[in-house]
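Down below is the structure, laid out as structure tokens.
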Amino acid sequence: MTQFRGDTLPAAPLIMAASSLNPGFFTRPADLVARELIGCSLLFHGVGGVIVETEAYDEQDPASHSARGPTARNRSMFGAPGHAYLYRSYGLHWCFNIVCGVRPGAAVLVRALQPVFEIAAMRQRRGDGRDAKLCAGPGRLCAALGLDGAFDGYDLSQPPFALLPSTGSQHVLTGPRIGISRAVDVPWRFGLAGSPCLSRPFGRSGRLPQVSASP
DNA sequence: GTATCGATGATCT
DNA sequence: GATCATCGATACC
């Protein structure tokens with residue numbers, strides 16, 4: 001049994017009924033969706049928590065996998081909004097995206113969760129470490145939830161997935177995306193202010209988001 | 001606390 | 001052949 005080291009996670013949100021995000025939620029600009037996913041909850045087979053960090057990518061974005069059109073890997077990005085796009089990173093890790101956007105080829109990378117549901121299952125998959133870091137990063141998140149490429153293209157409104165609305169307004173910061181070499185100044189990383197579950201802190205450049213206008 | 005580096009393999013030029 | 005939407009270990013401050 002993994003030792004609990006005394007790190008204190010924020011209070012768990014009160015999830016009311018089994019409500020789900022409206023399908024129209026996803027058919028909007030990726031940066032707006034990424035901003036509003038902060039505070040929503042993601043579950044896979046009942047394991048998961050509150051989304052605290054996201055990044056937006058779209059078809060006009062040189063940093064996006066979709067920038068040069070559909071390929072075998074990014075096929076799901078050009079499919080239905082509200083579905084999963086899962087890809088392998090550095091030959092080692094899986095990364096989980098939510099397809100969205102007003103045109104094909106956009107998605108939101110879910111980078112971190114605040115663990116809430118079935119934390120013991122996440123500890124078992126990820127081994128020792130602070131609970132706040134169980135899902136602090138896209139590769140860690142997929143490892144903790146047991147997500148992999150077998151679920152690429154799945155409808156996130158159906159089991160084994162669940163995507164639940166936020167229970168209130170959130171204080172969201174934004175800044176440059178992590179680990180990219182193109183469009184490095186586009187501030188399309190979003191995070192819950194003050195969360196100990198972020199993959200990395202938002203620096204001095206952390207700002208309130210300037211979300212794009214409607215198309 | 002930050003900096004650097006190796007793992008590891010699909011994808012794309 | 002180069003490039004990765006990463007992570008964990010290690011070294012050092």
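Treat the numbers as computed from the prediction; the structure is a model and nothing was measured. By convention in this document, chain letters (A, B, ...) are assigned in the order of the sequence lines, proteins followed by strands, and residues within each chain are numbered from 1.
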message: On the nucleotide C:dT6, are OP1 or OP2 found under 4.0 Å from the side-chain N or O atoms that A:R177 carries?
response: no
- prompt: Is A:Y87 side chain donor-acceptor paired with the B:dA10 base, going by distance under 3.5 Å alone?
  reply: no
- prompt: Can the positive tip of A:R28 be found less than 6.0 Å from the middle of the six-membered ring of A:F25, inside 45° of the ring normal?
  reply: yes
- request: Answer yes or no: is there a side-chain heavy-atom contact under 4.5 Å between A:D58 and A:P29?
  value: no
query: With sugar-phosphate meaning primed atoms plus P, OP1 and OP2, does A:I180 contact a base, only sugar-phosphate, or nothing at under 4.0 Å between heavy atoms?
result: sugar-phosphate
task: Please state whether the phosphate of C:dA5, meaning OP1 or OP2, lies under 4.0 angstrom from any side-chain nitrogen or oxygen of A:H65.
output: yes
- request: Give the stems involving DNA chain C, where a stem is 3 or more consecutive Watson-Crick or G-U wobble pairs (i with j, i+1 with j-1, and so on) under 3.5 Å.
  value: B:1-7 with C:6-12, B:9-12 with C:1-4
field: Distance-only polar pair, side chains of A:N74 and A:S66, donor-acceptor under 3.5 Å
entry: no
query: When the aromatic ring centroids of A:F44 and A:F151 are compared, is their separation below 6.0 Å?
result: yes
Quick one: side chains of residues 189-198 of chain A, donor-acceptor pairs under 3.5 Å with protein atoms, not counting sequence neighbours, listed by atom name and distance.
residue: A:R189; atom: NE; partner: A:E53; partner atom: OE2; Å: 2.9
residue: A:R189; atom: NH2; partner: A:E53; partner atom: OE2; Å: 3.1
residue: A:R189; atom: NH2; partner: A:R200; partner atom: O; Å: 2.5
residue: A:S195; atom: OG; partner: A:C197; partner atom: N; Å: 3.1

query: Of the nucleotides B:dC12, C:dA5, B:dA7, which one has an atom closest to the side chain of A:T71?
result: B:dC12
Of A:R182 and A:A136, the one whose closest DNA chain C nucleotide lies more 5': A:R182
- prompt: With respect to the phosphate group of B:dT13, does any side-chain polar atom (N or O) of A:R68 fall under 4.0 Å of OP1 or OP2?
  reply: yes
- request: Examine C:dC4: is either OP1 or OP2 under 4.0 Å from a nitrogen or oxygen in the side chain of A:S181? Give yes or no.
  value: yes
field: Whole-Å distance separating the OH atom of A:Y90 from the P atom of C:dA5
entry: 6 Å
